[in-house]
Amino acid sequence: MKRKITLNLFFLFMTMTSFAQYAPVGHLTVFSESGDKFFLVLNGEQQNDVAQTNIRVEDLNQPYYSAKIIFSDNTILEISKNYLPVTDGDGVYKDVTYKLKSDKNNRSKKKLTFFSMIPVEQGFIAPSNVYVVHYGQPERNVGYTQTSTTTTVGTGVNANVNVGGISMNVNINDPYGTSVTQTTTTHTTTDNHSQHIEEAPRGCVSRYAMGSNDFSSALSTVKNQGFDDTRLKTAKQIASANCLNTNQITQICQSFGFEETKLDFAKFAYDFCVEPKNYFKLNNIFGFSSNVDDLTDYVRSRN
């Protein structure tokens with residue numbers, strides 16, 4: 001009788017845990033088309049303490065949220081939306097993306113418009129230029145550890161399960177148990193906040209560089225500008241919102257006509273390079289050794 005009760009309790013606990021773990025949730029991404037940094041507020045809770053251009057909020061368990069966009073540039077008016085859905089018309093949770101675009105008739109206004117809606121993908125990993133927030137968790141939470149231990153000794157089984165801070169001990173008497181087995185499994189998940197480091201130049205180190213398709217489009221945009229000054233401003237805007245490798249930085253530098261401009265961008269892009277240890281590769285873009293020395297001294301001063 002005791003064994004039956006304890007087994008029922010154990011399976012009831014595991015069923016409740018599984019249900020909680022796989023409860024349906026939606027995800028929300030908001031990005032600025034023009035690169036303006038902003039704060040996102042959902043149901044009165046600010047999601048980011050540092051202004052961003054691209055924010056993803058995961059694990060949303062309500063179909064609608066009251067949203068507010070507050071721009072770091074105080075000349076841009078706030079945006080409020082009372083019912084921002086993260087479900088489709090049938091109430092199914094989705095991975096929804098909205099974009100912030102400029103109002104052609106008013107420079108101080110932005111519009112929050114629908115961009116896309118796709119099914120929720122388990123284990124989805126956001127691009128490196130997206131700031132990821134897990135809704136309802138503290139800003140600096142670095143994750144949780146899940147540990148399970150099962151021990152069989154002599155005539156009984158003792159199981160201790162700890163999932164997300166919930167602990168339960170179950171004793172099961174089995175007169176036929178004769179083996180001795182011990183298994184321990186530990187799984188640690190780290191919140192993506194730990195990847196979003198604002199202190200340059202380490203913010204992009206060991207992260208993914210801009211995807212090839214996005215970079216090709218970005219490079220074309222830079223090259224299409226008529227003057228070096230405009231190309232430089234465009235390139236800096238792109239770099240500040242993404243992570244780049246040394247090859248990508250080199251290609252952007254090669255789009256400039258003047259070495260002074262190349263040097264300016266090479267210094268600026270160091271903060272957004274995923275492999276600063278290989279920054280010496282940029283030395284080949286210069287025709288004058290004085291510029292090579294200048295960049296070398298700059299990199300040394302940042303280490």
Side-chain angles (χ1 to χ4, degrees), residues 31-39 48-55 71-73 126-132 140 192-303:
F31 72 93
S32 172
E33 190 176 54
S34 55
D36 295 291
K37 293 187 176 183
F38 61 93
F39 299 93
N48 54 308
D49 57 4
V50 176
Q52 304 292 332
T53 61
N54 198 332
I55 301 175
F71 294 91
S72 59
D73 182 352
S128 60
N129 63 319
V130 180
Y131 186 85
V132 180
R140 295 307 172 192
N192 284 338
H193 292 308
S194 62
Q195 300 176 8
H196 297 276
I197 303 172
E198 292 299 320
E199 296 179 0
R202 299 308 178 203
C204 282
V205 175
S206 299
R207 288 170 60 183
Y208 293 104
M210 197 174 182
S212 57
N213 290 337
D214 289 339
F215 177 73
S216 295
S217 177
L219 183 61
S220 296
T221 301
V222 173
K223 290 181 177 180
N224 287 337
Q225 307 308 310
F227 302 96
D228 254 25
D229 286 346
T230 309
R231 288 181 181 179
L232 179 61
K233 290 179 181 178
T234 303
K236 286 183 176 181
Q237 180 184 12
I238 293 169
S240 62
N242 298 278
C243 290
L244 305 170
N245 58 38
T246 52
N247 181 52
Q248 292 170 336
I249 296 172
T250 297
Q251 291 184 63
I252 294 177
C253 285
Q254 290 173 338
S255 69
F256 302 129
F258 300 100
E259 291 223 341
E260 180 182 357
T261 312
K262 293 179 181 179
L263 180 61
D264 189 333
F265 181 74
K267 290 181 178 179
F268 178 85
Y270 182 75
D271 288 353
F272 308 97
C273 182
V274 299
E275 45 173 349
K277 65 180 181 180
N278 292 326
Y279 222 68
F280 64 88
K281 295 180 180 179
L282 270 71
N283 292 348
N284 294 326
I285 67 176
F286 300 111
F288 299 102
S289 60
S290 58
N291 290 327
V292 175
D293 293 340
D294 195 340
L295 181 60
T296 301
D297 291 340
Y298 176 81
V299 170
R300 186 181 295 115
S301 69
R302 299 303 301 272
N303 293 328

With a 3.5 Å cut-off and sequence neighbours excluded, list the donor-acceptor pairs that the side chains of residues 236-243 form with protein atoms.
unit_1: Lys236; atom_1: NZ; unit_2: Asp264; atom_2: OD1; d: 3.1
unit_1: Gln237; atom_1: NE2; unit_2: Ser34; atom_2: O; d: 2.9
unit_1: Ser240; atom_1: OG; unit_2: Lys236; atom_2: O; d: 3.1
unit_1: Ser240; atom_1: OG; unit_2: Gln237; atom_2: O; d: 2.9
unit_1: Asn242; atom_1: OD1; unit_2: Asn129; atom_2: ND2; d: 3.3
unit_1: Asn242; atom_1: ND2; unit_2: Ile238; atom_2: O; d: 2.8

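- Pairs passing the salt bridge (Lys or Arg N to Asp or Glu O under 4.0 Å) check and including a residue from residues 210-230, sequence neighbours excluded, do not occur.
- Between Lys37 and Thr53, the shortest heavy-atom contact is CG-CG2, 3.5 Å.
- Every residue was checked against the ring-ring contact (aromatic ring centres under 6.0 Å, His included) condition with Phe286, not counting sequence neighbours, and none meets it.
- No side-chain donor-acceptor contact under 3.5 Å links Asp294 to the backbone of Ser290.
- With sequence neighbours left out, Asp73 forms a salt bridge (Lys or Arg N to Asp or Glu O under 4.0 Å) with no residue at all.
- Applying the side chain to side chain donor-acceptor pair (under 3.5 Å) test to Lys233 and every residue at least two apart in sequence or in another chain returns nothing.
- Scanning all heavy atoms of the two residues, the minimum distance from Ile252 to Leu244 falls at CD1-CD1, 4.2 Å.
- Residues meeting the side chain to side chain contact (heavy atoms under 4.5 Å, CB included) test with Glu33, sequence neighbours left out: Lys99, Lys101.
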Please lay out, stage by stage, how Lys262 and Leu282 fare under the test side-chain contact (heavy atoms from CB on, under 4.5 Å).
CA-CA 10 Å; Lys262 293 179 181 179; Leu282 270 71; over 6 Å; no
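- Here side chain to side chain donor-acceptor pair (under 3.5 Å) pairs that include residues 244-258, with residues two or more places apart or in two chains, are Thr246-Glu275.
- Closest heavy-atom contact between Ser72 and Ala51: CB-CB, 3.9 Å.
- Checked against salt bridge (Lys or Arg N to Asp or Glu O under 4.0 Å), Asp293 has no partners two or more places apart in sequence or in another chain.
- Phe258 meets the ring-ring contact (aromatic ring centres under 6.0 Å, His included) test with no other residue; sequence neighbours excluded.
- Here the CG atom belonging to Leu219 is positioned 11.5 Å from the OG1 atom belonging to Thr234, to the nearest 0.5 angstrom.
- Residue Asn291 holds its CG atom at 15.0 Å from OH of Tyr298, rounded to the nearest 0.5 Å.
- The OG atom of Ser220 sits 9.5 Å away from atom CZ of Phe215, with the distance rounded to the nearest 0.5 Å.
- The two residues Ala266 and Leu295 have their closest heavy-atom pair at CB-CD1, 4.1 Å.
- Partners of Phe227 by side chain to side chain contact (heavy atoms under 4.5 Å, CB included), not counting sequence neighbours, listed by chain and number: Thr230.
- A 4.5 Å side-chain heavy-atom check between Lys281 and Ile249 finds every atom pair outside the cut-off.
- In this structure Tyr279 satisfies the ring-ring contact (aromatic ring centres under 6.0 Å, His included) test together with Tyr270, sequence neighbours excluded.
- Residues that satisfy the side chain to side chain donor-acceptor pair (under 3.5 Å) test with Asn213, not counting sequence neighbours, are absent from this structure.
- Between the CG atom of Asp36 and the CD atom of Gln52 there is a distance of 13.5 Å, given to the nearest 0.5 Å.
- Heavy atoms only, all atoms of each residue included: Asn48 and Phe38 are closest at ND2-O, 3.1 Å.
- One finds the CZ atom of Phe31 at 12.5 Å from the CD1 atom of Ile55 (value rounded to the nearest 0.5 Å).
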